[in-house]
Undergrad: 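What follows is a single structure, and I will ask about it in a moment.
When reading the values below, keep in mind they use all heavy atoms of this one structure, side chains included, and skip hydrogens, waters and symmetry mates. Just so you know, these numbers come straight off a predicted model, no measurement behind them.
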Amino acid sequence: MSKLRTLGEFIVEKQQDFPHASGELSSLLSSISLAAKIVNREINKAGLVDITGATGVDNIQGEEQQKLDAYANEQFKAALEARDQVCGVGSEEEDEAVIFTQQLNQHAKYVVLMDPLDGSSNIDVNVSVGTIFCIYERLSPIGTPPTDADFLQPGHRQVAAGYVVYGSSTILVYTTGNGVNGFTYDPSIGTFCLSHENMTIPKDGKIYSINEGNYIRFPQGVKQYIKYCQESVPAEHRPYTSRYIGSLASDFHRNLIKGGIYLYPSTESHPQGKLRLLYECNPMAFIVEQAGGIATDGNTRILDIVPDELHQRAPLFLGSTNMVNTAHDFLKAHPDK
Ligand code: AHM
Ligand code: MG
């Protein structure tokens, strides 16, 4: 039987991969795992306690905030503030970046961007949801409040990124730029244990994930790519399968393991797509590249986009290299929009 390795042990073991690491990043990652356990516990009670449904408040993007969105946001913020390694947080659930004002936090060197509860429309119906996060070193001087520039860094500057899927089991997957590893939560001992070491995404896959309900509003190249998936893929790759949960973390996790492409292109109603660059696209792009795949907005590498606002959106083409490249071919052949 292989040796059981907990997330905590693994993080400490890998700390030596960072020449300048002083344990702060390790401590930060363990605070994320703590908040994930608390959110996991609450999600498992959905339906039993008054935690499902909407808060009655819309977030800055005009989307209805769910009670668990708000709960997860508070848990992650509290866990991050408590450990003194983070000076501020940008969250899908906060209009502006949250600046931690304690002196120890202002001396911290990291900022975190997160979607505390991704796919929250799935909560009330017992379908998988997730958390997505990424970590940057601040640019502003230590000891001062963080500035916009700390949060608006291009994705290639991420020092770590990860996601949690609260699914049939709960899994935390992260990278610090040295490969991708996954840890499944064992509720009997309250610990994430290494279950998916050195994850790589197959170069090809048979799964395409897209909300086809938006079909008539897609650019011509995307429509043609979908037709290709349905009708024209070479015989050795057939049949393609359409799988779409409506939770990026969950859809991406499946495609990472099995091979596949996730697409959220521009639509008429969302010319920049729906997904948020800083805390949805960038973390997934960092992870997929570390696993051997690619992520673009249909043209530009996601990690090279220089953001100019916290809740900026970007179209997303994410997954197995050959599949994303084929989708690009269709976009180039039909450059309407
Ligand atoms: P959310 O963060 O508000 O839950 O929105 C993001 C989610 C993604 O997880 C998911 O892939 C997508 O929105 C689903 O959108 P749609 O319902 O338009 O397909
Ligand atoms: Mg989301």
Side-chain angles (χ1 to χ4, degrees), residues 11 15 18 20-36 39 59-61 69 72-118 130-164 172 174-177 249 275-287 290 302-314:
I11 289 172
Q15 200 171 293
F18 293 94
H20 308 296
S22 55
E24 289 159 306
L25 185 61
S26 304
S27 171
L28 199 171
L29 286 167
S30 50
S31 63
I32 288 175
S33 103
L34 173 64
V39 169
N59 67 18
I60 189 163
Q61 291 129 98
D69 281 326
N73 187 44
E74 291 309 318
Q75 292 304 326
F76 276 95
K77 269 194 313 181
L80 292 169
E81 187 170 19
R83 293 267 176 110
D84 308 331
Q85 278 79 38
V86 178
C87 56
V89 170
S91 165
E92 181 177 330
E93 302 307 328
E94 304 279 349
D95 297 1
E96 309 281 343
V98 177
I99 309 300
F100 294 149
T101 50
Q102 302 288 333
Q103 231 211 337
L104 280 171
N105 292 110
Q106 301 236 330
H107 280 84
K109 70 173 181 217
Y110 295 110
V111 296
V112 172
L113 287 142
M114 64 177 183
D115 178 354
L117 205 77
D118 175 60
T131 294
I132 307 174
F133 63 90
C134 61
I135 302 169
Y136 292 84
E137 272 193 42
R138 69 188 299 176
L139 302 172
S140 55
I142 302 264
T144 62
T147 63
D148 284 353
D150 296 323
F151 297 96
L152 300 179
Q153 301 189 52
H156 62 77
R157 294 224 182 103
Q158 290 170 94
V159 294
Y163 62 83
V164 183
L172 187 155
Y174 83 97
T175 182
T176 51
L275 299 177
R276 275 55 54 118
L277 174 63
L278 294 184
Y279 42 82
E280 293 179 321
C281 303
N282 272 339
M284 293 315 193
F286 188 22
I287 295 165
Q290 283 295 312
I302 290 288
L303 296 183
D304 285 339
I305 299 174
V306 179
D308 46 33
E309 42 170 333
L310 190 59
H311 299 290
Q312 180 170 336
R313 298 172 193 266

Undergrad: Specify the closest pair of heavy atoms between Ala79 and Ala35, including all atoms of both residues, with the distance to one decimal.
TA: CB-CB, 3.8 Å
Undergrad: What pairs of residues pass the side-chain hydrogen bond (donor to acceptor under 3.5 Å, both in side chains) test when at least one of them lies in residues 152-162, not counting sequence neighbours?
TA: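 As it turns out, there is no side-chain hydrogen bond (donor to acceptor under 3.5 Å, both in side chains) pair with a partner in residues 152-162 once direct neighbours are skipped.
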Undergrad: Any luck finding a side-chain donor-acceptor pair between Arg83 and Ser30 under 3.5 Å?
TA: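 Yes, Ser30 and Arg83 have a side-chain donor paired with an acceptor closer than 3.5 Å.
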Undergrad: Is Thr131 close to Asp115 at the side-chain level, that is, under 4.5 Å between some pair of heavy atoms?
TA: no
Undergrad: Could you state the interatomic distance from CZ (Phe151) to OG (Ser140), rounded to the nearest 0.5 Å?
TA: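 Interatomic distance, Phe151 CZ to Ser140 OG, rounded to 0.5 Å: 8.5 Å.
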Undergrad: Could you tell me if the side chain of Ile305 sits less than 4.5 Å from the side chain of Asn282, heavy atoms only?
TA: no
Undergrad: May I have the step-by-step check of side chain to side chain contact (heavy atoms under 4.5 Å, CB included) for Ile135 and Leu25, ending in yes or no?
TA: CA-CA 9 Å; Ile135 302 169; Leu25 185 61; 4.0 Å; yes
Undergrad: Decide, yes or no, whether a salt bridge links Glu94 with Lys77 under the criterion of side-chain N to carboxylate O below 4.0 Å.
TA: yes
Undergrad: Could you walk me through whether Arg138 and Cys87 pass the side chain to side chain contact (heavy atoms under 4.5 Å, CB included) check?
TA: CA-CA 8 Å; Arg138 69 188 299 176; Cys87 56; 3.7 Å; yes
Undergrad: Less than 4.5 Å apart, any side-chain heavy atom of Val39 and any of Leu117?
TA: yes
Undergrad: Should Phe133 and Leu113 be marked as a side chain to side chain contact (heavy atoms under 4.5 Å, CB included) after you check the CA-CA gap, both sets of side-chain angles, and the distance that decides it?
TA: CA-CA 6 Å; Phe133 63 90; Leu113 287 142; over 6 Å; no
Undergrad: When rounded to the nearest 0.5 angstrom, what is the spacing between OH in Tyr110 and OG in Ser27?
TA: 10.5 Å
Undergrad: With respect to Lys109, which candidate in Glu137, Gln85, Glu24 satisfies the side chain to side chain donor-acceptor pair (under 3.5 Å) definition?
TA: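 Passing option: Glu24.
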Undergrad: If you round to the nearest 0.5 Å, how far is OG1 of Thr147 from CG of Leu139?
TA: 7.0 Å
Undergrad: In the structure I gave you, are the side-chain heavy atoms of Phe76 and Ile32 within less than 4.5 Å of one another anywhere?
TA: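 With C-beta onward as the side chain, the pair touches.
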Undergrad: How many angstroms lie between CD in Glu92 and CG in Asp69, if you round to the nearest 0.5 Å?
TA: 7.0 Å
Undergrad: Which atom pair, heavy atoms only, marks the closest approach of His311 to Arg276?
TA: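 Heavy atoms of His311 and Arg276 come nearest at O-CG, 3.8 Å.
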Undergrad: Would you give the length of the straight line joining atom CG of Asn73 to atom CD of Glu93, rounded to the nearest 0.5 angstrom?
TA: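 Separation between the atoms: 5.5 Å.
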Undergrad: Got a second to check how far Ile11's CD1 is from Ser33's OG, nearest 0.5 Å?
TA: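 Answer rounded to 0.5 Å: 6.5 Å.
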Undergrad: With heavy-atom distances below 4.5 Å as the criterion, would you say the side chains of Tyr279 and Ser91 are in contact?
TA: no
Undergrad: I'd like to check Leu277 versus Ile302 (side-chain heavy atoms, cut-off strictly below 4.5 Å). Are they in contact?
TA: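 In contact.
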Undergrad: Using every non-hydrogen atom in the two residues, find where Phe286 and Ala161 come nearest and quote the distance to one decimal.
TA: CD2-CB, 3.7 Å
Undergrad: Sub-3.5 Å donor-acceptor pair from the side chain of Asn105 to the main-chain atoms of Val86, do we have one?
TA: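 Answer holds: yes.
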Undergrad: Judged by atom type as modelled, is there a donor-acceptor pair below 3.5 Å linking the side chain of Asp118 to the main-chain atoms of Ile132?
TA: no
Undergrad: Decide side chain to side chain contact (heavy atoms under 4.5 Å, CB included) for Val89 and Met114; before the verdict, give the C-alpha distance in whole Å, the side-chain angles of both, and the deciding distance to 0.1 Å.
TA: CA-CA 8 Å; Val89 170; Met114 64 177 183; 3.7 Å; yes
Undergrad: Under a 4.5 Å cut-off applied to non-hydrogen side-chain atoms, are Val112 and Leu28 in contact?
TA: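 Yes, close enough: below the 4.5 Å cut-off.
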Undergrad: Considering only heavy atoms from C-beta outward, does the side chain of Asp148 approach that of Leu310 to under 4.5 Å?
TA: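 With C-beta onward as the side chain, the pair stays apart.
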Undergrad: Using a cut-off of 6.0 Å, state whether more than 12 heavy atoms not belonging to Gln102 lie near its atom CD.
TA: no
